[in-house]
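As the structure lists them, so they are numbered: ligands from 1, and atoms in each ligand from 1.
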Amino acid sequence: MVGDQVEGYSIYQWWVIVYTIFSAFCDHQFLLTKRGITDKLQRVFWPFLRTFTRSILLERTLILIKPDAIQRGLMGEIASRFEAKGLKIAGCKMMQLDNAILDAHYVHLTDKPFYPRLQEFMSATPVIAMCLEGFEAVDAVRELCGVTNSRKAAPGTIRGDLGMSMQCNLVHASDSTESAVDEVARFFQPNELYSYSGALDTVVYADDER
Ligand code: IDP
Ligand code: MG
């Protein structure tokens with residue numbers, strides 16, 4: 001039989017493959033019945049898997065509370081919506097934006113006819129820059145802000161509840177995990193960002209989500 005071909009493999013090769021998988025499965029079952037090994041799996045492997053998963057899902061995202069919100073006295077209202085959602089504030093500061101940082105931040109819009117007006121609007125007063133942290137925070141924060149045109153934004157969102165304008169839409173939020181990494185680094189120095197355990201972490205997330 002050795003040498004018979006089944007789809008490129010000989011019978012002998014198929015047997016080695018099946019035997020290897022089967023014996024690995026048996027070893028696995030055997031190991032799990034040994035208390036010492038089980039404990040080790042629980043103490044070492046599970047926390048490792050958990051930390052690994054946590055590091056993938058825990059995200060930081062950039063928020064700018066724009067000049068229209070500052071002028072309208074909505075800074076507290078907007079910040080409190082993020083806090084109430086359960087997002088953690090990893091960084092927060094007031095800053096005056098100039099054309100250099102705006103050109104980098106809005107690089108996808110610099111050739112648009114409305115860009116000079118956007119530049120003027122975004123530098124009319126200082127803004128509040130915030131770095132928010134949470135599991136899958138980038139998408140959660142975008143949803144909370146609503147679509148770009150405030151008139152079309154869903155009720156319950158920040159833009160939907162508080163705005164009527166396309167340009168003056170109160171808040172900026174990073175639109176992807178990649179741009180969040182770039183934007184947080186653009187607006188914050190590493191020593192301006194803080195990691196701390198929140199007193200409410202255990203009730204904001206379930207055990208298996210943290
Ligand atoms: P986003 O803020 O929802 O991500 P973007 O398309 O990235 O939307 O645009 C950045 C900002 O530029 C918007 O938040 C808004 O302030 C402004 N903007 C976008 N499109 C227009 C427009 O057609 N007219 C005026 N301002 C605009
Ligand atoms: Mg955008």
Below 4.0 Å from any atom of ligand 1, is there a heavy atom belonging to [X]?
X: Arg159; value: yes
X: Lys66; value: yes
X: His108; value: yes
X: Asn169; value: yes

Of the protein's non-hydrogen atoms, which lies at the shortest distance from [atom], and what is that distance?
atom: atom 15 (C) of ligand 1; answer: Met166 O, 3.4 Å
atom: atom 3 (O) of ligand 1; answer: Thr148 OG1, 2.6 Å
atom: atom 12 (O) of ligand 1; answer: Leu118 CD2, 3.4 Å

Considering Phe121, Tyr115, Phe114, which one's heavy-atom position lies nearest to atom 24 (N) of ligand 1?
Phe114

Establish, for the pair Lys93 and Phe188, whether the NZ or CZ atom is under 6.0 angstrom from the six-membered ring centre and no further than 45 degrees off its axis.
yes

One pair to check against side chain to side chain donor-acceptor pair (under 3.5 Å): Asp201 and Tyr196. What are the steps and the verdict?
CA-CA 10 Å; Asp201 284 356; Tyr196 54 95; over 6 Å; no

Cys168 and Ser150 have their tightest heavy-atom pair at O-OG, 4.2 Å

To the nearest 0.5 Å, what is the distance between [atom1] ([X]) and [atom2] ([Y])?
X: Ile70; Y: Leu170; atom1: CD1; atom2: CG; answer: 10.0 Å
X: Ile158; Y: Phe82; atom1: CD1; atom2: CZ; answer: 3.5 Å
X: Arg60; Y: Met130; atom1: CZ; atom2: CE; answer: 13.0 Å

Between ligand 1 and Gln167, is the shortest N or O to N or O distance under 3.5 Å?
yes

One finds that the ligand 1 atoms under 4.0 Å from a non-hydrogen atom of Leu109 are 9 (O), 10 (C), 12 (O)

Would you mind listing which atoms of ligand 1 come within a distance below 4.0 Å of any non-hydrogen atom of Arg142?
1 (P), 3 (O), 4 (O)

Asp103 and Gln119, any side-chain heavy atoms less than 4.5 Å apart:
yes

Are Val107 and Leu109 grouped together when hydrophobic residues (ILVMFWY) are joined by side-chain heavy atoms under 4.5 angstrom apart?
no

